[in-house]
Amino acid sequence: FDSLLAMKPVERRGGKRYMVVAVLGLAAVFTFDLITPLGVADGMLYALVVLIGLGRPEQSFVLSLAAASTILTLLGWALSPPAPEVVSGNVVMMNRTLSLAVIWGAGFAVLRSGIYERGFHVIAQAVEQAPAGVVITDTGGTIVYVNSAVTRLSGRAQDELVGDSPRVFASGQTPRESYENLWRTIASGRTWEGEILNRRKDGAFVWEHEIITPVRDSWGSITHYIGVKEDVTARKKLEEQLRFARLIAAPCCLASPTTA
């Protein structure tokens with residue numbers, strides 16, 4: 001959750017540095033390839049150079065590394081010392097073919113990781129900027145993430161909330177049975193939905209409509225709980241005013257008996 005908590009896109013700095021390291025890596029592997037007899041799978045070392053793209057997973061950079069590695073692998077095949085007599089030509093061809101497969105496999109893996117990372121940060125920014133509050137806790141009830149809407153709603157900073165318990169929001173006016181029912185529901189794998197009266201840091205009460213649901217891993221085990229909350233204080237006040245208005249108006253609406 002570190003990246004999610006930070007909510008900042010990973011900044012790719014030092015692009016030239018990665019380029020220099022990549023060029024030096026390609027030169028070192030190519031030199032080693034030229035002094036090594038054919039039949040040794042040293043061409044696979046180019047895959048390590050391609051993995052430098054993890055630090056800068058732009059498509060053009062990664063594809064350039066893979067293409068350069070491919071060219072140098074083929075040049076090494078043509079210029080390296082002959083293979084020992086015990087090594088057949090089929091083994092040499094298999095080694096070079098395998099090297100090319102590993103190089104491009106590494107390249108596509110780097111590109112895929114970059115896509116996942118960019119996708120994650122888009123989702124992270126969307127959650128952070130959502131108008132509704134989002135709270136994520138572990139199964140023990142410790143808060144591991146809150147978005148900006150929660151800090152505005154509660155009047156507390158993010159670093160005040162992370163590591164604390166959701167009890168920090170409690171108003172003291174919600175029956176204990178309500179919380180027990182809430183935890184019993186989500187611990188059983190079901191979603192809980194309802195309205196809770198909470199308290200801001202400044203002491204003001206706030207009504208929140210909350211939906212809390214379990215988060216499961218790939219094995220189906222609950223690892224976290226995520227809650228989405230919305231301030232419905234204004235709506236609750238309006239409903240109370242309408243109820244009060246109806247009570248006041250009710251006697252006036254009663255029909256008076258008609259006198260003959």
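Position 1 is the first residue of the sequence, and the numbers go up from there.
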Hydrophobic cluster membership, I211 vs V146, 4.5 Å side-chain cutoff: no
Flag side-chain contact, heavy atom, 4.5 Å: R200 against F205: no
Closest contact, heavy atoms only, G141 versus P166: O-CD, 2.9 Å
Close side-chain approach of I143 and S165, heavy atoms under 4.5 Å: no
Path from I222 to I136 over hydrophobic side-chain contacts below 4.5 Å: no
Flag for S154-R156: side-chain donor and acceptor within less than 3.5 Å: no
Least distance between heavy atoms, G107 atom then V62 atom: O-CG1, 3.5 Å
Check: L100 and T73 side chains under 4.5 Å, non-hydrogen atoms: yes
Donor-acceptor side-chain pairing of E128 and S148 below 3.5 angstrom: yes
Transitive ILVMFWY side-chain link L65 to L75, under 4.5 Å: yes
Approximate separation, where rounding is to 0.5 Å, of F30 CZ and L72 CG: 5.5 Å
side-chain hydrogen bond (donor to acceptor under 3.5 Å, both in side chains) between S69 and W104, intermediate numbers included: CA-CA 9 Å; S69 297; W104 284 99; over 6 Å; no
Donor-acceptor under 3.5 Å (E160 side chain, A157 main chain): yes
Spacing of CE belonging to M19 relative to OG belonging to S64, to within rounding of 0.5 Å: 6.5 Å
Student check: side-chain heavy atoms of L48 and V29 closer than 4.5 Å: no
Spacing of OG1 belonging to T233 relative to CD belonging to E195, to within rounding of 0.5 Å: 9.5 Å
Aromatic centroids of W183 and Y225 separated by under 6.0 Å: yes
Under 3.5 Å donor-acceptor, T142 side chain and D138 backbone: no
Backbone of T174 reached by a side-chain donor or acceptor of S178 within 3.5 Å: no
Within-4.5 Å side-chain heavy-atom neighbours: Y179 and I196: yes
Atom pair CZ (R184) and CZ (R190), whose distance is rounded to the nearest 0.5 Å: 8.5 Å
Side chain to side chain, I226 and V135, heavy atoms closer than 4.5 Å: no
Min side-chain heavy-atom separation H224-R216 under 4.5 Å: no
In one Ile/Leu/Val/Met/Phe/Trp/Tyr side-chain cluster, 4.5 Å: L153, L197: no
Closest contact, heavy atoms only, G133 versus N147: CA-OD1, 3.5 Å
Nearest non-hydrogen partners of V102 and A47, listed with the distance: CG1-CB, 3.4 Å
V215-L182 co-clustered via ILVMFWY side chain contacts under 4.5 Å: no
Smallest separation among heavy atoms of P131 and A149, with atom names: O-CB, 3.6 Å
Flag for W192-T213: side-chain donor and acceptor within less than 3.5 Å: no
Side-chain donor-acceptor contact under 3.5 Å, E210 with N198: yes
Within 45° cone and under 6.0 Å: K201 NZ/CZ vs F169 ring: no
Side chain proximity check, V162 to V144, heavy atoms < 4.5 angstrom: no
Value rounded to 0.5 Å, distance of CD1 in I186 from OG1 in T191: 9.5 Å
